[in-house]
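Scroll down for the structure; my scribbles are underneath it.
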Amino acid sequence: MTLVLDPVTILNLIFCIVIVCLGYWEYRKKDSLIAIYIAITFALFGIAHLGIIFGVKSSNIFILTIRSIAYLVIIYALYKTAVGHWNKE
């Protein structure tokens, strides 16, 4: 296993970690479901970035599957928000 120390991928991983932490913090503070779904999405993107750092090709089925699931999670969360299922009114 060869480490690929691409600065862009490392920076993306750092940003993912920050977004996951902030999303979890917002979820704990306000019980915001959209925040936890955003955190889950970026955690999945972070896993994909970590895989690339550890030498997995970006076209690998594992990376493609993780990224696809991440996009589906955020699509679901935005859809639920758009139709008003999570409004606290």
Side-chain angles (χ1 to χ4, degrees):
M1 183 180 317
T2 304
L3 285 179
V4 179
L5 299 177
D6 175 37
V8 173
T9 306
I10 293 170
L11 186 61
N12 284 338
L13 177 60
I14 292 167
F15 285 143
C16 284
I17 292 168
V18 170
I19 292 170
V20 167
C21 292
L22 290 173
Y24 181 72
W25 183 25
E26 175 70 10
Y27 171 72
R28 297 294 293 166
K29 264 180 77 175
K30 297 184 180 173
D31 210 24
S32 169
L33 287 177
I34 189 72
I36 199 67
Y37 276 94
I38 290 170
I40 290 168
T41 297
F42 278 91
L44 291 168
F45 283 136
I47 291 169
H49 293 315
L50 199 57
I52 291 170
I53 290 170
F54 282 118
V56 179
K57 299 279 185 201
S58 62
S59 60
N60 183 289
I61 192 70
F62 170 74
I63 300 296
L64 293 174
T65 302
I66 293 295
R67 286 183 177 164
S68 296
I69 292 169
Y71 280 113
L72 290 173
V73 169
I74 202 67
I75 288 168
Y76 172 77
L78 290 173
Y79 171 77
K80 294 294 265 184
T81 300
V83 298
H85 285 192
W86 289 339
N87 290 348
K88 297 201 179 209
E89 301 176 50

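Scope of the values below: all heavy atoms of this structure, side chains included, with no hydrogens, waters or symmetry mates. Bear in mind the structure is a predicted one, so any value in this text is a computation, not a measurement.
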N/O donor-acceptor pairs under 3.5 Å from side chains in residues 62-70, not counting sequence neighbours:
unit_1, atom_1, unit_2, atom_2, d
T65, OG1, I61, O, 2.7
S68, OG, L64, O, 2.8

To the nearest 0.5 angstrom, please state how far the [atom1] atom of [X] sits from the [atom2] atom of [Y].
X   : Y   : atom1 : atom2 : value
E26 : I19 : CD    : CD1   : 13.5 Å
I36 : R28 : CD1   : CZ    : 9.0 Å
K30 : W25 : NZ    : CH2   : 10.0 Å
L11 : H49 : CG    : NE2   : 9.5 Å

Identify whether [X] and [Y] are in the same connected component of the hydrophobic contact network (ILVMFWY, side-chain heavy atoms under 4.5 Å).
X   : Y   : result
I38 : L33 : yes
V56 : I52 : yes
Y27 : Y76 : yes
I17 : F54 : yes
L5  : L50 : yes

If every non-hydrogen atom of [X] is compared with every non-hydrogen atom of [Y], which pair is closest and at what distance?
X   : Y   : answer
Y37 : A77 : CB-CB, 3.5 Å
D6  : T9  : OD2-OG1, 2.9 Å
A35 : G23 : CB-O, 3.6 Å
C16 : G46 : SG-N, 3.8 Å

When you compare the side chain of F45 with that of L13, does any pair of heavy atoms fall below 4.5 Å?
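Contact flag for L13/F45 side chains = no.
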
Is it true that, when you exclude K80 itself, more than 12 heavy atoms of the residues, nucleotides or ligands shown sit nearer than 6.0 Å to its NZ?
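More than 12 heavy atoms, drawn from other residues, nucleotides or ligands, come within 6.0 Å of this atom.
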
